[in-house]
Amino acid sequence: MTFAAALTVLLLLGGVIVALLEGSWPAFAKFGFGFLVTESWNPVTEQFGALSPIAGTLITSFIAMLIGVPISIGIAIFLTEICPIWLRRPIGIAIELLAGIPSIIYGIWGLFVFAPVMQRHVQPFLINAFSGVPVLENLFAGPPYGIGILTASLILAIMVLPFITAVTRDVFETVPPVLKEAAYGLGCTKWEVIRNVMLPYTRVGVVGGVMLGLGRALGETMAVTFVIGNAHKIHASVLGPGTTISATIANEFTEAVGDIYTASLVALGLILFVITFIVLAAARLMLLRMNVKGA
Amino acid sequence: MDLYTRRRLRSRAVVILSIGAALFGLTWLVLIVGTLFFEGFGGLSLRVFTEMTPPPGADGGLRNAIIGSLIMTSIAVLFGTPIGILAGTYLAEYGRATKLSMVVRFINDVLLSAPSIVIGLFVYEVMVISMGHFSAWAGAAALAIIVIPVVLRTTEDMLNLVPNGLREAATALGAPRYFVIRRVAYRAARNGVLTGILLAIARISGETAPLLFTALNNQFYSTDLNAPMANLPVVIFQFALSPYEDWRALAWAGALIITLAILALNIGARALAGRQTSK
């Protein structure tokens, strides 16, 4: 019986893949490989292409990582090296509680609290600060909507913090104290110990933790749906509205009429599953090498 | 500036940056929970628990949504937990180092963080299409699939913490394998496994994406498991995105309820786990 239960897990994965393949087949049959590289998404003419949701997913996750990773590693360093021991547990738990807050809460908080702040203060500031600077000028162009790619990325960055922090802290704790003590004994400063002893020792694990966070960011749905703007268009500016795979599915699935429309949305789901599967599998393999369980 | 001062200053800078990062992380927690209290507390009254979701412009509460969420969560836990515990038992007790266990462990870890909206699509394809309509069963099934990996993982971890000496002692007394597992290993790991279940409940009670096109939503009170059922996350989603003030107020109240429940579950789970391992 326990054996059967263990097999259920494998069956679930197989079932997910088979069901999604079957459901998305009409879309792949009709649009072929072009589905992946077409930007147009038009329910009226039944022309569907996955390019802008895929691009939106990758861009938001990339920006989220850019911001989230250094901060997470900073928190992990704080928790393992700097924080007084009696404060470690409470702060660790507080950060982990951040992971417990459901994504829909991040969503409405992002829409009603964060987006207005972005619109009134942050985005006008960015537009002004970078106007006249080549490249950056285009990246931060356009009217400040409040919602959009950048806002979604920032919310994602906050959401992945606890996941990356938890794993990074755990791998930092696997560094043998002897190594650190030896380095301190040679007269290294705290930063030099972190930079030259801890980070090289835990590199694979830290990268694994980052990939785990990336997997979360790629698949995050509700928080993004609230603040991304849901436009099937690729903007040059990160202030513009966009969409992601998961936001598209969440917004349109129940309203999709016609087999091709539904199948295209399921195909999006399949693409998302494949992307996250690869990222998560890579993360787990790296963490396996470090022998760390992670969040 | 000599080399020594420069090294010390650089180190000092990193320490300050790390402290800043930790404060940054904590700030969001305070900001989000603070906003929830500020916006949600006003809308929180007895009416929220006793009245149904209203049409726009009318008074109402979230009773049907809260009950719907409780029903679906219970069913999901009822079905997901045994599978998770049994599979975890297999990994920890019977097939510790077999090839199959390695694969199952790996796949389970991937499923643990797989996007929940994909789970929703899967259940839609398998259950909603074949049944021909949205239903509470489908919603509960999607949630159960999310429960399994969480419970499996904690069960395995907790059983691995049980000292082998205990198992050997019981076996030496002549106890058969299943007896050792049930009466010795389970008993020693009980708090830990309960922790896992609590964490799983916390995880699914906020899940919105997998319910969007499985349980859908229902404006009315319904306990029919074959019909669409109201649930708190989807109601929050719809009400928050609506243009009506009173709906938004209810959404905030619902958000506060869910968050408080989840934070309580998380803290409870940690307290329980702390008793087990005192780590």
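Because only heavy atoms are used, hydrogens play no part in the values below, and waters and symmetry mates are left out as well, while side chains stay in. In what follows, chains are A, B, ... by sequence order, proteins preceding strands, each numbered from 1.
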- Task: Return the orientation label for the Trp252(B) and Phe112(A) ring planes: parallel under 30°, perpendicular over 60°, tilted otherwise.
- Result: tilted
- Check each atom of Ile258(B) against the heavy atoms of chain A and say whether the ones under 4.5 Å are side chain, backbone, both or neither. side chain
- Note on the structure: The interface call for Leu23(B) against chain A, heavy-atom contacts under 4.5 Å, is neither
- Item | Shortest non-hydrogen contact from Gly269(A) toward Leu121(B) | CA-CD1, 3.6 Å
- Which atom pair, heavy atoms only, marks the closest approach of Ile82(A) to Ser18(B)? CD1-CB, 3.7 Å
- Query: Any idea which heavy atoms bring Ile104(A) and Gly206(B) closest together, and the distance?
  - Reply: CG2-O, 4.2 Å
- Query: What part of Val126(B) gets closer than 4.5 Å to chain A, counting heavy atoms only: side chain, backbone, both or neither?
  - Reply: side chain
- Between Leu161(A) and chain B, which part of the residue has a heavy atom less than 4.5 Å away: side chain, backbone, both or neither? side chain
- Query: Would a line drawn from the ring center of Phe253(A) to the ring center of Tyr124(B) be shorter than 6.0 Å?
  - Reply: yes
- Query: Checking Thr276(A) against chain B: side chain, backbone, both or neither under 4.5 Å from a heavy atom?
  - Reply: side chain
- Note on the structure: The interface call for Leu111(B) against chain A, heavy-atom contacts under 4.5 Å, is side chain
- Item | Structural part of Arg12(B) lying under 4.5 Å from a heavy atom of chain A | neither
- Contact part of Ile236(B) toward chain A, heavy-atom cut-off under 4.5 Å: side chain, backbone, both or neither? both
- Kindly indicate whether the side chain of Ile101(A), heavy atoms from C-beta on, has any atom under 4.5 Å from the side chain of Leu29(B). yes
